[in-house]
Amino acid sequence: MSEVKNLIGLSRAELAGEMVAIGEKPFRAKQLWHWIYNRGATDFAAMSNLGKPLQQKLTESYRVARPKIAREQTSTDGTRKWLLDFDDKNQAETVYIPEEDRGTVCISSQVGCTLTCQFCHTGTQLLVRNLEAAEIVGQFMAARDSYGEWPTPDDGTRLLSNIVMMGMGEPLFNYENVAKALTIIMDGEGIALSKRRITLSTAGVVPNIRRCGEELGVNLAVSLHATTDEVRDRIMPINKKYPLAELMQALRDYPTNNARRITFEYVMLKGVNDSEADARNLVRLVKGIPAKFNLIPFNKWPGSEFEVTPMKQIERFSDLLFQAGYSAPIRQTRGADILAACGQLKSDSERQRRLKEKLAAAE
Ligand code: SAH
């Protein structure tokens, strides 16, 4: 580990504390914040209003570092995926998904995942650890570096305009670091991304859903994927801890309005959760919650026990929700050629690593 401390990931108060610790005035933190998060500077020597002696002092004790890019791949549809190396050599993936009216960065919160959802490839990998705030903010900054999007543009003109906490891991099992990272990202004098442009996706960690609503106020997406406890228990073990009734109550309490609905993600699994009765159950279940749906065709992976619901049936399912008054688009699979789609993250790099180990052992 480097002894030179990374300034990325510190809260404003912590950054001011560092300045005081090296005998500087706390207002230096405000200047640094602007250089780091608005301008994207990584070199203290470029921070022209700090003065040479301070630049020198900062260079000796600190760095401004993003995770290193181990691999970058761009799909034929424009989706870009980065495999990132952290200081301890653990890795996670970040994905950029360009759309007509926005560009979304999909960020990971953990290396691996403990949820073991049966349809998710990330879930077959053991949790290695939570990501630090610096590593979460750093993913977004590395993505912005890749598109040269510094200084922070006005909201209307951003290429990287939205964030979804939908990568590897369960963000609400790493609440403190995720909250700290998002607070940095939302800070108006830096990256300045509005909470309306950030969506956190959870499998349903009920106690932290409340905190997320009270403390962060970002958009919430919930991976529902089933309409009965029986089915949900089977495909998403977290349901045994926080069953549907509790989950739905927490969602009723979440700060929403008609313009800010909760997104229910629903992976369509053939013969498991995709019947017309399921669609009707779904409508009953979300009654009273400002809701919209996002139907996700199952992305298959080698060894998975599920099959893909035929598109006609997904469309029928979508129609039923629509007739009940809900928006229910079918999520387009993006970046499939670079394994960047939902539930596929890290699997490729894991496979490559295993292959490398095998080859090394054979030598
Ligand atoms: N742990 C959080 C964040 C992961 S988001 C959560 O559960 O919401 C990733 C989204 O992709 C989730 O909705 C997840 O259920 C979905 N997903 C996982 N595996 C998938 C697969 N094989 N095909 C389609 N969607 C999948």
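Side-chain atoms are counted along with the backbone in the values below, which use heavy atoms only and exclude waters and symmetry mates. Worth saying up front: this structure is predicted, and the values here are computed from it rather than measured. Read the numbers this way: they start at 1 and go in the same order the structure lists the ligands and their atoms.
- Distances below 4.0 Å separate heavy atoms of C120 from the following atoms of ligand 1: 18 (C), 19 (N).
- A cation-pi geometry, defined here as NZ or CZ lying under 6.0 Å from the six-membered ring centre and within 45° of its normal, holds between R12 and W33.
- No N or O atom of H121 sits closer than 3.5 Å to an N or O atom of ligand 1.
- The closest heavy-atom contact to atom 8 (O) of ligand 1, among the options G169, C117, S223, A221, comes from S223.
- The backbone and the side chain of E170 each have at least one atom closer than 4.0 Å to an atom of ligand 1 (non-hydrogen atoms only).
- Contact annotation: for T202 versus ligand 1, heavy atoms closer than 4.0 Å belong to the backbone alone.
- In summary, the atoms of ligand 1 found under 4.0 Å from a heavy atom of A203, numbered by their order in the structure, are 6 (C), 7 (O), 8 (O).
- Remark: aromatic rings of F317 and Y266 are close, center separation under 6.0 Å.
- For a threshold of 3.5 Å applied to N or O pairs, the pair formed by F298 and ligand 1 contains no separation below that value.
- Heavy atoms of S304 stay at 4.0 angstrom or farther from ligand 1.
- Of the options V267, T263, I238, T122, the smallest heavy-atom separation from atom 16 (C) of ligand 1 is shown by V267.
- Electrostatic pairing of R211 and E176 counts as a salt bridge here, judged by a charged N lying under 4.0 Å from a carboxylate O.
- At a threshold of 4.0 Å, the pair E149-R158 does not count as salt-bridged, since none of the basic side-chain nitrogens sits closer than that to a carboxylate oxygen.
- Residue-ligand proximity, I296 to ligand 1, at heavy-atom distances under 4.0 Å covers atoms 24 (C), 25 (N).
- Considering backbone and side-chain atoms together, M165 places no N or O closer than 3.5 Å to any N or O of ligand 1.
- Contact atoms of ligand 1 toward W301: 22 (N) (distance under 4.0 Å to a heavy atom of the residue).
- At a 4.0 Å heavy-atom cut-off, ligand 1 touches N299 through backbone and side chain alike.
- Here L160 contributes atom CG and R197 contributes atom CZ; the two are 11.5 Å apart, rounded to the nearest 0.5 Å.
- For the pair D145 and R66, the tightest heavy-atom approach, listed with the atom from each and the gap, is OD2-NE, 2.7 Å.
- Note on R129 versus E135: salt bridge recorded, some NZ/NE/NH1/NH2 to OD/OE distance being below 4.0 Å.
- For ligand 1, none of its N or O atoms has an N or O atom of R331 under 3.5 Å away.
- Listed by number with element, the atoms of ligand 1 under 4.0 Å from a non-hydrogen atom of S201 are 2 (C), 3 (C), 5 (S), 6 (C), 8 (O).
- Listed by number with element, the atoms of ligand 1 under 4.0 Å from a non-hydrogen atom of M166 are 4 (C), 5 (S), 9 (C).
- Considering only heavy atoms from C-beta on, K81 stays 4.5 Å or farther from T94 through its side chain.
- Between K180 and E132, none of the side-chain N atoms (NZ, or NE/NH1/NH2) sits under 4.0 Å from a carboxylate O, so this pair counts as no salt bridge.
- Ion pairing between a basic and an acidic side chain is recognised when a charged N comes within 4.0 Å of a carboxylate O; K68 and D87 show no such pairing.
- Residue H225 places a heavy atom under 4.0 Å from ligand 1.
- Contact annotation: F306 has no heavy atom less than 4.0 Å from any atom of ligand 1.
- Remark: R334 does not engage E99 in a salt bridge, criterion side-chain N to carboxylate O under 4.0 Å.
- Each of the atoms 1 (N) of ligand 1 lies under 4.0 Å from some heavy atom of L115.
- Listed by number with element, the atoms of ligand 1 under 4.0 angstrom from any heavy atom of G167 are 4 (C).
- A donor-acceptor contact shorter than 3.5 Å is absent between the side chain of S108 and the backbone of G167.
- Aromatic ring orientation, W82 versus Y147: perpendicular (interplanar angle above 60°, classes split at 30° and 60°).
- Counting heavy atoms under 4.0 Å from ligand 1, residue M168 does not touch it at all.
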